Amino acid sequence: MIDQRFDPKAHEQRIYQRWEDAGCFRPSMDTSAEPYAIMIPPPNVTGSLHMGHALNNTIQDILCRFERMRGKNVRWQPGMDHAGIATQMVVERQLAASGGNQDRRSMGRDAFVEKVWEWKEESGGTILNQLKRLGASCDWENTKFTLDDDLNTAVNKVFVDLYNEGLIYRAKRLVNWDPHFQTAISNLEVENKEVDGHMWHFKYPLAGGETYTYVEKDEDGTITLEEERDYISIATTRPETMLGDGAVAVHPSDSRYAPIVGKLCEIPVGPKEHRRLIPIITDEYPDPDFGSGAVKITGAHDFNDYQVAKRGGIPMYALMDEKGFMRDDGDDYAAVAEVAQRIAEGQEDFDEAKIAAMNLVPDQYRGLDRFEARKAVVADITAEGNAVMVPKPKKKAASPASEPGSGAAGDSGSSPEPSVPELVPLVENKKIMQPFGDRSGVVIEPMLTDQWFVDAETLAKPAIAAVRDGRTKFVPENWDRTYYNWMENIEPWCISRQLWWGHRIPVWYGPEIVSSETGNNEFGLDFIDRSEVHDTPHGDIRLLNVRKRVFCAERFADVERLASEHYGCKVILVEDEIEYRERVAAFSLGKAQDYAVPLLQDEDVLDTWFSSGLWPFSTQGWPEQTDGLKTFYPGATLVTAFDIIFFWVARMMMLGIKFMDGEVPFKDVYIHAIVRDENGKKMSKAEGNVIDPIDLIDGVGVETLVAKRTSNLRQPEKAPKIEKEVRKRYPNGFDAYGADALRFTLAAMATKGRDINLSVDRIAGYRNFGTKLWNATRFAQMNEAKFGTKIEPQSLDLSVNKWIIGELYKCTAQVSEAIEDYRFNDAASAVYHFTWDVLCDWYLELSKPILNGDDAEAKSETQAVLGWVLEQTFVALHPFMPFITEVLWEQTSDRSDFLMQQTWPGLNTSFADESAAEELDWVLKTISQIRSVRSDVNVPAGAKVPVSLVGANDETARRVAAHCDVIMRMARLDKFELADAAPAGSVKAIVDEATVVLEIADLIDAGEEIARLDKQLGKLSGEITGLEKRLGNDAFVAKAPAEVVAEQRDRLAELQGTRDKLSVAREQLAAL
RNA sequence: GGUCGAUUAGCUCAGUGGUAGAGCACUGCAUUGACAUUGCAGGGGUCACUAGUUCGAACCUAGUAUCGACCACCA
């Protein structure tokens, strides 16, 4: 006999270990079986299980367990992602916290990377064990890590192949730069958030004191403003970037500025004697209706300006260093500004490298943080009188800058002033969208840097086609719109990261040899720029910036061969830029002892998603043609949340199709919901509303819960409020609900909608469901149900047994269909409803008289059916609740096998017996009707009542004979007999053609009973009227499908019959 | 601005042309019987609004209102 209750803690980990030890998670590799593969979205090595993972992996596990039971050769591919930035961040933080004054840079690259590996071995991957707690049936023996050697091989091969095809290239571009991590990031890793900002309006004086007539007109062409101006008005939210302006642009159609297009204006900041002049140009980009209609163009610090600058050949001056501080390098400002001036006036040629070397930050701003620089620039311009001035708003005492909306938009002087108003600088308070790094949280700076890019546009085309052709399907399908939308507008993918933790880029640089005409030394090496003098092992020589030649190959050995062939001499791998330059210099000056050309590997690593994008095939051994690869590519279903469609799904599609001969990586992409808290808020530590899945499995006390929710809050002052709420809501913390309850809840809520608002109450409900099944099994054991036998539907005698196996058949068919169609909620509710409402509430009760009765044959049949039906229920429930069902399987019979290895109930229609179903339907209805009436007329629960059945036909009479005992028992009757007429004053209910008569006239009040009948009659006549109206409509009868019409007629007849009988009953009562 | 979505019982949500559903909550009754982590019975909804298509609309179409997500944005 099993215990009184199921204790998840006593069994879950034990059962999991048994599965694992027995190799239950391995693919069968049965060549006759259909392969079925699911690639886990590799969690970050730094990660721990959150609700999103729990949902994601529950769904995958349901699919895998289901398909495994259906006989497929299943591989659920597990693993982890090295998560470049996230992991580097964790280890750097740890270094900082450990007190030592070591940081990443002082440690050096190799030592730091080694440290990260150490961390990974010790602390990484807790999430994989948490997945085991959830019951995930992954093929752990094939666990992969995106930084494993074999995956690195795949990464290098992909990179080199794409490079050789020209689909990966290096370019100087404006990229999103994270000043905190000091690396480029892709535009997906940027979060645009609306923040309070200001827009300043400044005057850029025209060169040489020139003036023009500035004319503003309204829509009708009436002149609203006309004045002489010696400046052009510019609006900006980032004044500090003015220092790098290359031009001012206006729209070609903007007549206000037509007189000054082509002229020069002055950037009103920096030392007066070296103010830079920049040209006023035209471009389609400026919107004449926004701001002043004139835009400053700072190509190196703004994505829109970058495009304008590129079109117009405007120099792009970089102003900041990699930490987001104003540059403090290069020659002094006066010298640089002079060169810039000649460039602006077209008197001097410029190229990228020359511009890049120019630091146009005036001395007083050098080394300032960008936000400090902004304040300083604003203050200086304003002090000098170049801010656009407007009348001070009345009423408000404070300056416009601190009063939202008070500094009205529009140009100065556009409204007439009644008196002489006080003037203040025009600063608009407005919401601006600002980019933040999704990991660092700092403001992202557009930076002009050399980076590696993937030509995503080319790769996207076949990936779009694959979805259009239906070779890969999104479920729910509306997600394909999101996919198309992004893929069709895809930008080049920046894949290089200035980090240390990740796949090194398989590129080595050597010096570029140019033609002998331009070469300027005996080795033909062209030095394009000078840098600082440096004391080197080769003497005090100049270090040189050298144009680099790229050697790209999977292994250094290949590069070594290519390079030495290219240079015609030995090459040597060097570790850093300094040594590289020294060696180039020494080499070129003939001072090198060994005459070896230095090669330096690219310092950068690849975007984490570059390696995750290969996951479906890199994990299966590619580029080797392994069995795993042949069998499990393409995968069946990718299960993920929508937030990584772009990051991951799109990249896997592009790279999978590219490298696997055009074959898509997966057939379906199931996009599941995001799990939120029960109020619909996104769970986040910072908000203090996180529910930890492990807490739900193991239980957690209220004190721990409070502590968890109040640590790491974004607003620590909210802690008392959160504590109060938690204590009120969960006074006893969480019970140990177990993994099964959590999984079932998630499955039941996994609809095709967007969000799941998870409530703990619901988990408790499904824990109770497990208890229900557990106790039903206990009941079966007490009654000596037979487990481990087979059932032949045709051999059954009792209609109740025929009925329950038919119900089971319907249930399992529904579950199969629903899972195949990714309707996990329907699957869960079908098996829930069957187990609780059909099996426990009815079948078990109906079986009691038989199991306690004297009919040995009936008893034996029922024991067999009861055991079998329960076993099949375990099977059907197993994908959802693997632990409790496996324990029940283990403990109900002497078994040597596992439930998870059983065959899914492939029941067929031979299990569904229509006449048994109708018969039991009648039994259930009869009992329910009697119970309902009893309750309505307040018959005491314990009282037994005599009931007779009037007007029964032959079939009903037969059913009464067969089921009399059980009906009497379940409806608490002391008599249940056929009769010709009802005694006066009895209480009646209608079941099909017959009237159920409760002979309890003495127990009830006639008036109340009449009222009860009237209520029912009222309801009935309403429905009848509706049906009559519909059936009376010729158009309905003519146009609606015949079966619908027939159905409605039947229903009408039935309702009329019931009404007539109840009316008679009412009249009889009234006549008394 | 573009795209996708939501609006159904007190709450959280299913349903998607043919009799409005679940879980929780609520009300009444039942206490040593597999299970109180229970059973029986019950109350509760103009399916956001308007117009259309249809024999028939919660469901399809168009529009309105409110709320949300993602993407892109005006310096």
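Lettering of chains follows the sequences in order, A, B, ..., and the numbering in each one begins at 1. What you see is a predicted model, and the numbers here were worked out from it, not measured in a lab.
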For this session: Return the value, rounded to whole Å, for the distance between atom CE of A/M433 and atom C1' of B/C70.
Result: 11 Å

Problem set entry | Interatomic distance, A/F6 CZ vs B/U37 P [rounded to whole Å] | 17 Å

For this session: Scan A/R767 against the nucleic acid and name what it touches under 4.0 Å (heavy atoms): base, sugar-phosphate only, or nothing.
Result: base

Problem set entry | Verdict with reasoning, A/T298 to A/D245, per side chain to side chain donor-acceptor pair (under 3.5 Å) | CA-CA 4 Å; A/T298 320; A/D245 287 353; 2.6 Å; yes

Exercise. Is the shortest side-chain N to carboxylate O distance from A/E725 to A/K728 below 4.0 Å?
Worked result: no

For this session: For A/L188 and B/A72, give me the distance from atom CG to atom C1', rounded to whole Å.
Result: 13 Å

Exercise. If you look at every strand shown and take non-hydrogen atoms under 4.0 Å, does A/L844 touch a base, only sugar-phosphate, or nothing?
Worked result: base

Exercise. Just checking, is any N or O donor in the side chain of A/E240 or A/H301 under 3.5 Å from an acceptor N or O on the other one?
Worked result: no

Exercise. Which part of the nucleic acid, if any, lies within contact of A/S932, taking any heavy atom under 4.0 Å across all strands shown: a base, the sugar-phosphate backbone alone, or nothing?
Worked result: sugar-phosphate

For this session: Name the nucleic acid region contacted by A/F769, choosing base, sugar-phosphate or nothing; use a 4.0 angstrom heavy-atom cut-off, strictly under.
Result: nothing

Exercise. Contact class for A/D287 vs. all strands (heavy atom < 4.0 Å): base, sugar-phosphate, or nothing?
Worked result: base

Problem set entry | Strand RNA chain B in bracket notation, Watson-Crick/G-U under 3.5 Å with | for pairs to another chain | ((((((((.[[[[.)..(..]]]].(((((.......))))).....[[[[[..)....]]]]])))))))....

Exercise. Roughly, in whole Å, what's the span from CG in A/N489 to C1' in B/C70?
Worked result: 14 Å

Exercise. Do you know the tightest heavy-atom contact between A/A785 and A/G867?
Worked result: CB-N, 3.9 Å

For this session: Kindly assign one of parallel, tilted or perpendicular to the pair A/F744 and A/F769, based on the angle between their ring planes and the thresholds 30° and 60°.
Result: tilted

Exercise. Any chance CD of A/E845 has more than 12 other-residue heavy atoms, nucleotides or ligands included, within less than 6.0 Å?
Worked result: yes

Problem set entry | Closest-nucleotide ordering on RNA chain B, the 5'-leading residue of A/K772 and A/V1044 | A/V1044

Exercise. Checking all strands, does A/E845 fall into the base, sugar-phosphate, or nothing category for heavy-atom contacts under 4.0 angstrom?
Worked result: base

For this session: Can you establish whether the number of heavy atoms outside A/E477 located under 6.0 Å from its atom CD is more than 12?
Result: no

Problem set entry | Whole-Å distance separating the CD atom of A/E1023 from the P atom of B/G18 | 16 Å

Exercise. If you measure from the C1' atom in B/G5 to the same atom in B/C13, how many Å do you get, rounded?
Worked result: 15 Å

Exercise. Expressed in angstrom and rounded to an integer, what is the separation of A/F642 atom CZ from B/C71 atom P?
Worked result: 9 Å

For this session: For A/I756 and B/A6, give me the distance from atom CD1 to atom P, rounded to whole Å.
Result: 15 Å

Exercise. When you compare B/G10 with B/G43, how far apart are their P atoms, in angstrom units rounded to a whole number?
Worked result: 15 Å

Exercise. What nucleic acid atoms does A/R5 come within less than 4.0 Å of, heavy atoms only: base, sugar-phosphate, or nothing?
Worked result: base

Problem set entry | side-chain N/O A/K1029 vs B/C55 OP1/OP2, d < 4.0 Å | no

Exercise. Mind checking the P distance from B/A51 to B/G45? Whole angstroms is fine.
Worked result: 24 Å

For this session: Kindly say if A/T751 contacts the phosphate of B/A14, meaning a side-chain N or O under 4.0 Å from OP1 or OP2.
Result: yes

For this session: Describe, in one word, how the ring planes of A/F734 and A/Y737 are oriented to each other, choosing from parallel (under 30°), tilted (30 to 60°) and perpendicular (over 60°).
Result: tilted

Exercise. Reckon A/G197 touches a base, only the sugar-phosphate, or nothing at all at heavy-atom distances under 4.0 Å?
Worked result: nothing

Problem set entry | Spacing of the C1' atoms in B/A14 and B/A58 (rounded, Å) | 13 Å

For this session: Figure out the CG/P separation between A/N485 and B/A72, and round it to whole Å.
Result: 10 Å

Problem set entry | Rounded distance [0.5 Å steps], CD in A/E194 versus CD1 in A/I432 | 9.5 Å

Exercise. Taking the C1' atom of each, how far is B/A72 from B/G2, in whole Å?
Worked result: 7 Å

Exercise. How would you label the contact of A/D302 with the nucleic acid (heavy atoms, under 4.0 Å): base, sugar-phosphate, or nothing?
Worked result: nothing

Output one line per pair: protein atom, nucleotide atom from nucleotides 20-31 of chain B, and distance, for all N/O pairs under 3.5 Å.
none

Exercise. Which value, in whole Å, describes the distance between the C1' atoms of nucleotides B/G28 and B/G33?
Worked result: 23 Å

Exercise. How would you label the contact of A/R481 with the nucleic acid (heavy atoms, under 4.0 Å): base, sugar-phosphate, or nothing?
Worked result: sugar-phosphate

For this session: Could you work out the separation of B/A48 and B/A57 based on their P atoms and round it to a whole Å?
Result: 15 Å

For this session: Using the C1' atoms only, state how far B/A22 lies from B/C67, rounded to an integer number of Å.
Result: 24 Å

